[in-house]
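Computed from a prediction, not measured in an experiment: that's the story for all the values here. Sequential numbering from 1 along the given sequence is applied to the chain's residues.
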Amino acid sequence: MRIWHQSFTVLQDLPAYVQVLKERIGAVVRPDTEVVLHGQIPGTYSSDYPGTDLAYGVLYWIHGLQWLAAAREAQKQGFDAMVLASIAGPMAREIRTIVDIPVVGYGEAAFNLAGLYGRRAGMLFFIRERLDFWPEQLRQWGLADRFAGIEHAGVTFQDVLAAHMDPSKRGPVVERIVEQGEKLVRETGADVIVPGE
């Protein structure tokens with residue numbers, strides 16, 4: 001099986017992130033499964049962090065158009081499935097109407113899976129400006145009644161990227177994320193946490 005993995009990042013800008021992805025994917029897929037990583041077109045964003053643009057709805061949708069083209073290319077190249085490897089799953093519904101291969105969105109799948117482990121799922125995230133996006137997104141997925149709420153992860157994308165590149169920085173980053181997760185549980189009653197961006 002060949003799976004097209006689509007990221008909202010420009011993967012060439014983030015070699016440490018790509019390495020972590022490859023290691024994780026290698027640990028969870030069957031030996032007969034090939035996952036091929038794809039990202040946004042180089043130069044899509046003004047920095048290595050897409051959140052600068054994705055904080056704004058109109059830019060989110062403009063950049064999401066690349067995902068439509070990627071889906072068509074995935075089908076053309078004979079991939080068996082496509083994974084939208086972004087919590088938001090840009091244009092998932094639209095993509096599913098133009099290709100005949102399965103298209104799985106990370107966020108939609110994660111929140112559905114969360115329902116197997118608890119009654120109310122919360123999410124940790126980076127992009128403060130997109131706070132209003134999530135209640136509507138969960139409603140579209142049919143999961144709004146199980147959505148406890150969201151909490152900032154307490155770290156930035158750059159903090160996480162630095163921790164990928166320097167293992168000595170991982171402990172403090174993980175500790176801060178755990179603190180924020182505990183806060184989310186206390187304040188919202190979430191019994192499952194979905195890691196956002």
One pair to check against side chain to side chain contact (heavy atoms under 4.5 Å, CB included): M1 and I3. What are the steps and the verdict?
CA-CA 7 Å; M1 174 178 285; I3 299 173; 4.0 Å; yes
Hey, does [Y] have a side-chain heavy atom less than 4.5 Å from the side chain of [X]?
X	Y	result
I193	E151	no
F111	L138	yes
Q6	H38	yes

Between [atom1] of [X] and [atom2] of [Y], what distance do you get to the nearest 0.5 Å?
X	Y	atom1	atom2	value
L37	Y17	CG	OH	8.5 Å
Q12	Q40	CD	CD	10.5 Å
H152	L124	NE2	CG	9.5 Å
L184	M123	CG	CE	9.5 Å
K22	I25	NZ	CD1	9.5 Å
E34	D32	CD	CG	11.0 Å

One pair to check against side chain to side chain contact (heavy atoms under 4.5 Å, CB included): V194 and Y106. What are the steps and the verdict?
CA-CA 10 Å; V194 173; Y106 159 57; 4.1 Å; yes
Checking salt bridge (Lys or Arg N to Asp or Glu O under 4.0 Å) for the pair R186/E179: CA distance, chi angles, key distance, verdict?
CA-CA 11 Å; R186 279 191 312 273; E179 285 175 17; over 6 Å; no
Taking atom CG of L113 as the centre, report whether more than 12 heavy atoms of other residues, nucleotides or ligands fall under 6.0 Å from it.
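Count over threshold, so yes.
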When you group the ILVMFWY residues by side-chain heavy-atom contacts below 4.5 Å and let the links chain together, are [Y] and [X] in the same group?
X	Y	answer
V160	L11	yes
V18	M165	yes
I98	W67	yes
V29	V103	yes
V174	I177	no

Please confirm whether the backbone N or O of [Y] pairs with a side-chain atom of [X], one donor and one acceptor, at under 3.5 Å?
X	Y	answer
H63	W61	no
D191	R119	yes
N112	E108	yes

Between T44 and Q66, is any side-chain donor less than 3.5 angstrom from a side-chain acceptor?
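Yes, side-chain donor-acceptor contact under 3.5 Å.
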Quiz: residues 74-88 side-chain donor-acceptor pairs under 3.5 angstrom, not counting sequence neighbours:
unit_1, atom_1, unit_2, atom_2, d
Q75, OE1, D100, N, 2.4
Q77, NE2, E73, OE2, 2.7
D80, OD2, R2, N, 2.8

Which heavy-atom pair separates [X] from [Y] by the least distance, and what is that distance?
X	Y	answer
S7	T9	OG-OG1, 2.7 Å
A190	G122	CB-N, 3.8 Å
L21	H5	CD1-CE1, 4.0 Å

Start with the C-alpha distance between L65 and M91, add both sets of side-chain angles, then the distance that settles side chain to side chain contact (heavy atoms under 4.5 Å, CB included), and finish with yes or no.
CA-CA 8 Å; L65 292 173; M91 299 204 164; 3.6 Å; yes
Side chain to side chain contact (heavy atoms under 4.5 Å, CB included), that's the test. Do V10 and I41 meet it? Break it down for me.
CA-CA 6 Å; V10 176; I41 297 167; over 6 Å; no
Any carboxylate oxygen within less than 4.0 angstrom of a Lys/Arg side-chain nitrogen, looking at E182 and R176?
no
Could you pull out all residues at least two apart from P167 that satisfy side-chain contact (heavy atoms from CB on, under 4.5 Å)?
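So P167 forms a side-chain contact (heavy atoms from CB on, under 4.5 Å) with R170.
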Between W134 and F125, is the gap from one ring center to the other below 6.0 Å?
no
